[in-house]
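Following: one structure in structure tokens, then a few remarks.
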Amino acid sequence: MEFVVVCFCLFLTGSVSSLSASSSATHETSHVSPSSDFGNKTMHVLNADKKDGIESKRQKGTKQNLGMLISDNKVTHHDKSDHQNPTKLLAELSQYKNDSCCKIYKENVIIADCCFCGLDYIPSDLPPAIDHLLLAYNKLTSPNLTPGAFSIYPNLTVLQLDTNFLTYLPDDVFEGLVKLEQLNIFNNSISLDARLNSSNVFLPLAGTLKVLVMNGNIKTSPGLNSVYPDYALSFLTELTSLTIDGLRNPEFKLGFGKLSKLMNLTMVGMGDGFCDLRSLRNSTFQHLPHLVHLNLTLCNLNGSHVESGALEGLTQLKLLDISNNRDLGLEAVGNLMYGIRNNKNFRYLKMRKINSRFAACAVVTNQTVRYLSNTSVELIESMDNEIEMVQLGALRLLPPTLTTLNLTNNKIMFGAYWQDMGCLKSLQNLHLDGYLHPVDFPNFYPSAVLHCRDTGDLYVTSDGPACADFTSGDAKNNNFTLILPPELRTLTMHSNSVAYAVTEINISPNNSLVHADLSGNTFRELKGPVTGLDKLQSLNLSSCFVQNISDTFFNTFPLLQELILSENVLGDRLNDDAYGFIFRNLTRVHFLNLSSNSIYRLNYPAFSDLNNLQILDLSNNRLSKVNFSIGNMWNLSLLDLHKNHINTLPQFIMDHIYDLMKAKINISVDLRENPISCDCDNLDFLEWVVKNKVFGSNYTQYYCKYDVANMDAVERFSGYDEEIRKLKYRCVAHIGLLFSVLGGTILVLAVIMGLVVYRFRWTLRYWYHAAKMKFYSNKILENDKFEYDVFISYENGDTDFVLQEIRTQLRDERNIRLLIHGEKFQVGRQIADNIYMAVRQCRKTLVVVSRKMLSSHWCIYELQMARLESVNTGRNVLIFFFMEEIPKSEMSMDVLSYIKSSTYIVYPRYPQHRRAFWDKLADDIRSR
């Protein structure tokens with residue numbers, strides 16, 4: 001809703017805060033939005049030539065949250081028949097030329113804004129048809145209010161007289177206001193005394209006034225004769241909302257009993273008025289049985305002076321706000337709830353800051369909440385109360401209607417009470433956030449009295465979680481299961497001083513958790529698995545000092561759509577994630593925030609499975625190159641890379657972004673505060689940026705980094721068009737020169753090489769033939785220099801077969817000189833060197849092939865050496881001896897290729913064939 005007047009002078013928001021409950025009882029404070037809608041079009045009819053000083057004051061007044069009175073009902077808009085024809089009306093309004101600073105506006109209603117005009121009289125030259133008259137922040141005094149002073153404006157529905165110098169209200173001052181619905185006399189000096197109470201000043205408003213704001217009139221401690229004006233107000237039978245200062249030891253007397261429509265009562269202290277109730281008696285509200293909203297914020301309530309029956313007769317009460325009464329205490333609140341113990345209309349309880357800031361041993365006991373069980377409470381706000389623990393069994397006493405529980409800014413520890421979470425059948429929002437805002441340093445020492453209970457007083461015998469449908473386990477139970485309320489959708493624990501290594505955690509699957517905010521805690525390692533959160537869609541783990549995430553941690557969040565991991569320390573872990581395992585199962589995620597993680601490198605498949613990603617935030621890191629793929633992201637709308645060290649984007653990134661644009665995806669890339677290279681090598685990228693407008697039209701914080709030593713990047717406020725023009729001219733000249741120099745160099749080298757070859761052509765031929773002859777003559781000579789006939793390569797598991805069968809058949813019976821692996825290896829020489837010498841000293845290498853051999857490192861090494869010897873000498877060195885039939889599928893490609901190019905022989909299955917086998921093998925070994 002937009003205000004149309006320059007100074008709409010809305011009364012300080014707290015003064016009518018109780019009225020907000022009907023529209024939203026879940027807000028942390030009870031402020032109200034104006035209910036009358038004056039639109040966003042204005043018509044300045046009169047006084048267009050007012051001074052700038054007056055305008056400044058009006059704007060200042062608006063910033064101070066001043067404005068018209070409002071109520072929970074819409075401001076009555078008169079039918080057009082109430083006024084003249086619009087055209088005639090405008091003509092009539094234009095005739096009023098007053099010398100004051102008042103302005104007239106017309107939009108559904110006619111508003112005369114005379115705020116900050118320094119008036120000490122009631123202006124009489126305004127259009128008689130005005131509906132709202134705003135006279136706040138002037139110099140009006142009580143003598144200025146003559147009888148019938150406003151009767152010349154009979155259509156008034158709103159009259160604002162706040163922040164003037166009124167000390168009393170003269171009789172008959174409101175005479176003639178037969179349509180007035182809202183009256184604001186806030187922040188004057190009108191005494192709540194016998195004079196006011198005995199007057200008939202409100203009698204003319206008896207049938208119309210609905211909203212009355214009269215707080216802020218007591219500036220200091222009221223006198224002993226101060227009373228609530230029950231007689232004076234008793235005429236206002238249509239009154240629905242009353243805002244008034246709070247008197248010590250209050251009692252709303254018999255006259256208030258006539259206000260049968262009064263539903264909203266607000267008494268608020270500090271800047272919104274004066275409130276020093278101190279106590280609440282059983283008789284305080286006995287004549288106000290129709291109250292729906294009761295706001296007693298900042299009223300210095302003292303727990304020892306609050307009687308348990310103070311709310312007894314308020315059977316219609318829907319909202320109670322007792323926030324900011326530090327001396328009230330949790331125990332007194334428990335007693336106060338006695339009065340509404342069976343009130344099915346009661347919905348909202350707000351009790352922020354009702355415990356001393358330095359209170360020790362603050363515990364929510366069964367006594368604190370025992371009288372709420374038979375109400376219909378939906379919202380409980382108990383922030384900033386130093387609560388440390390909840391008694392086991394207390395949660396079971398909360399009504400089944402509770403949907404929101406806000407315990408922000410307390411000190412609540414994990415405890416046995418968590419077993420009762422299953423009892424909160426309707427709870428949807430649970431807020432356990434820590435200290436979100438700093439507070440002033442204390443200027444006094446807290447009380448030395450601790451008020452700690454004996455632990456026995458807080459123990460409740462229990463056979464288990466009566467509200468849960470499974471066993472939660474105990475501290476020694478490896479199957480421990482954490483219980484959550486079954487309908488819980490939102491859980492916030494921001495900055496709750498939680499510090500855990502997140503290993504295996506089992507959460508009851510009987511939950512509906514969708515949003516979880518665990519930011520601002522300490523979870524250095526996310527190992528998992530965390531089970532039971534199958535419906536979780538949003539997870540915030542920002543500012544949690546996370547350093548390590550296991551490859552499988554996110555496997556148990558099948559519906560996760562939003563993941564916030566900003567302000568952690570994931571640079572090294574993401575650099576090590578070579579295959580993109582960390583995020584591979586987050587196929588539904590559309591928002592991923594990894595900003596401020598000191599990320600310096602991301603591997604190509606880091607996000608290869610995030611097919612539904614729409615926003616990827618990698619801002620404020622240390623990336624110098626974009627190495628990761630986004631080719632699978634066909635819904636990507638924002639790639640945020642601002643504040644890194646990136647000077648360009650690779651071609652595959654540009655190609656995919658271009659494809660997205662062709663697919664009508666509105667994608668943008670944020671490269672602000674990066675040193676974008678403005679040289680010839682990056683010209684294509686700059687042209688692509690300008691052509692496709694991926695940076696948008698605002699180039700603030702976009703820079704050019706030149707290839708000049710010690711030169712800082714220069715901000716390009718106007719974009720890169722001019723830079724591209726300069727580079728095109730410079731780069732074309734450089735490319736021509738480069739090709740000329742390169743071509744000339746190649747030509748010169750070719751001529752020189754041709755001359756050298758031609759000059760020494762006969763010498764080169766001679767050395768070629770000489771080297772060839774020497775090579776072949778060395779091969780022939782070397783055949784007679786072998787010390788052994790064959791080197792036996794085998795795996796240790798085949799030792800018995802080698803020594804008992806091969807050695808016997810070849811060495812003993814056929815005189816083959818054998819060098820068996822390990823025998824005669826030189827002590828002190830590396831095994832690799834011994835193998836090399838063994839292969840060189842033997843004519844052949846016999847590889848005993850078995851399944852064990854195929855998995856032996858040193859056997860494969862011996863095979864490689866023999867193969868190289870064969871290649872270097874031209875000899876047929878390798879012989880493969882198959883002890884058993886081995887399928888090709890069990891052999892590597894290298895082994896198969898060696899077998900195909902070498903001699904191989906299979907050990908016969910039947911003994912009668914083996915003599916011929918050994919003879920053939922001996923002949924092969926002796927052959928050259």
Side-chain angles (χ1 to χ4, degrees), residues 16 18-19 21-22 71-73 169 171 174 180-183 185 190-215 217-218 222 225-268 273 275 277-296 299 301 306-322 336 338-346:
V16 286
S18 67
L19 308 181
S22 61
S71 72
D72 49 350
N73 299 314
L169 294 175
D171 286 341
F174 302 122
L180 194 68
E181 296 179 358
Q182 302 181 19
L183 174 62
I185 53 175
I190 302 171
S191 300
L192 299 181
D193 54 16
R195 176 177 180 176
L196 175 61
N197 192 32
S198 62
S199 70
N200 297 321
V201 64
F202 297 115
L203 180 59
L205 310 178
T208 60
L209 194 67
K210 296 179 179 179
V211 178
L212 174 59
V213 177
M214 57 185 303
N215 63 320
N217 280 282
I218 297 178
N225 296 324
S226 295
V227 293
Y228 291 125
D230 66 308
Y231 172 77
L233 297 177
S234 64
F235 301 105
L236 303 177
T237 55
E238 296 297 316
L239 195 67
T240 60
S241 178
L242 173 63
T243 304
I244 194 169
D245 290 324
L247 305 177
R248 187 177 300 184
N249 302 319
E251 185 172 343
F252 293 88
K253 295 185 180 180
L254 190 60
F256 283 95
K258 298 181 180 181
L259 307 182
S260 59
K261 296 185 179 180
L262 183 61
M263 296 185 296
N264 307 316
L265 177 61
T266 299
M267 293 182 283
V268 181
C275 191
L277 296 179
R278 302 291 179 93
S279 64
L280 291 178
R281 299 173 180 171
N282 293 340
S283 59
T284 299
F285 304 110
Q286 63 178 332
H287 298 301
L288 295 171
H290 304 290
L291 285 183
V292 175
H293 304 145
L294 179 58
N295 188 345
L296 304 176
C299 285
L301 290 175
V306 173
E307 298 180 1
S308 60
L311 305 177
E312 181 73 43
L314 304 184
T315 58
Q316 304 300 315
L317 192 65
K318 185 176 181 180
L319 178 145
L320 175 64
D321 192 345
I322 49 177
L336 182 62
Y338 174 81
I340 56 172
R341 61 193 180 279
N342 295 313
N343 186 351
K344 291 297 185 180
N345 293 308
F346 192 59

For Leu247 and Ile218, what are the C-alpha separation, side-chain angles and deciding distance, and is it a side chain to side chain contact (heavy atoms under 4.5 Å, CB included)? CA-CA 9 Å; Leu247 305 177; Ile218 297 178; 3.4 Å; yes
Pair Leu317-Leu294, side chain to side chain contact (heavy atoms under 4.5 Å, CB included): steps then yes or no: CA-CA 8 Å; Leu317 192 65; Leu294 179 58; 3.9 Å; yes
Would Phe346 and Leu314 satisfy side chain to side chain contact (heavy atoms under 4.5 Å, CB included), going step by step from the backbone distance to the final call? CA-CA 10 Å; Phe346 192 59; Leu314 304 184; over 6 Å; no
Chi angles and distances behind the side chain to side chain contact (heavy atoms under 4.5 Å, CB included) call for Ile244, Met214: CA-CA 5 Å; Ile244 194 169; Met214 57 185 303; 4.0 Å; yes
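When all heavy atoms of Leu336 and Leu320 are compared, the pair lying nearest together is CD2-CD2, 4.4 Å. Scanning all heavy atoms of the two residues, the minimum distance from Pro229 to Leu192 falls at CD-CD2, 4.2 Å. Heavy atoms only, all atoms of each residue included: Ala206 and Phe235 are closest at CB-O, 3.2 Å. Here the closest heavy-atom approach between residue Met267 and residue Cys299 is recorded as O-SG, 3.0 Å. Of all the heavy atoms in Leu233 and Leu259, the pair that sits closest is O-CD2, 3.2 Å. Scanning all heavy atoms of the two residues, the minimum distance from Leu262 to Ser241 falls at CD1-N, 3.7 Å.
Glu238 CD to Leu209 CG: the interatomic distance, rounded to the nearest 0.5 Å, is 10.0 Å. Rounding to the nearest 0.5 angstrom, the gap separating the CG atom in Leu196 from the OG atom in Ser191 is 8.5 Å. Here the NE2 atom belonging to His293 is positioned 12.0 Å from the CG atom belonging to Leu265, to the nearest 0.5 angstrom. To the nearest 0.5 Å, atoms NZ (Lys318) and CE (Met263) are separated by 10.0 Å. For the atom pair NZ of Lys210 and CG of Leu205, the computed distance is 13.5 Å after rounding to the nearest 0.5 Å. Taking CG from Asn345 and CG from Asn342, the interatomic distance works out to 12.0 Å, rounded to the nearest 0.5 Å.
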Using atom types as modelled, flag every donor-acceptor pair under 3.5 Å from a side chain in residues 284-292 to any protein atom, sequence neighbours excluded.
residue, atom, partner, partner atom, Å
Thr284, OG1, Arg281, N, 2.8
Thr284, OG1, Arg281, O, 3.2

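Residues Leu280 and Leu301 have side chains in contact (heavy-atom distance under 4.5 Å, counting atoms from C-beta outward).
Without hydrogens or angle criteria, Thr208 side chain to Leu180 main chain gives a donor-acceptor distance under 3.5 Å. Judged by distance alone, the side chain of Asn197 and the main-chain N or O of Asp230 form a donor-acceptor pair under 3.5 Å. Of the possible donor and acceptor atoms, none in the side chain of Thr266 sits under 3.5 Å from a partner among the backbone N and O of Asn295. Not a single donor-acceptor pair under 3.5 Å links the side chain of Asn217 to the backbone N or O of Asp245.
Ring orientation note: the planes of Tyr228 and Phe256 are nearly perpendicular, at an angle over 60° on the 30°/60° scale.
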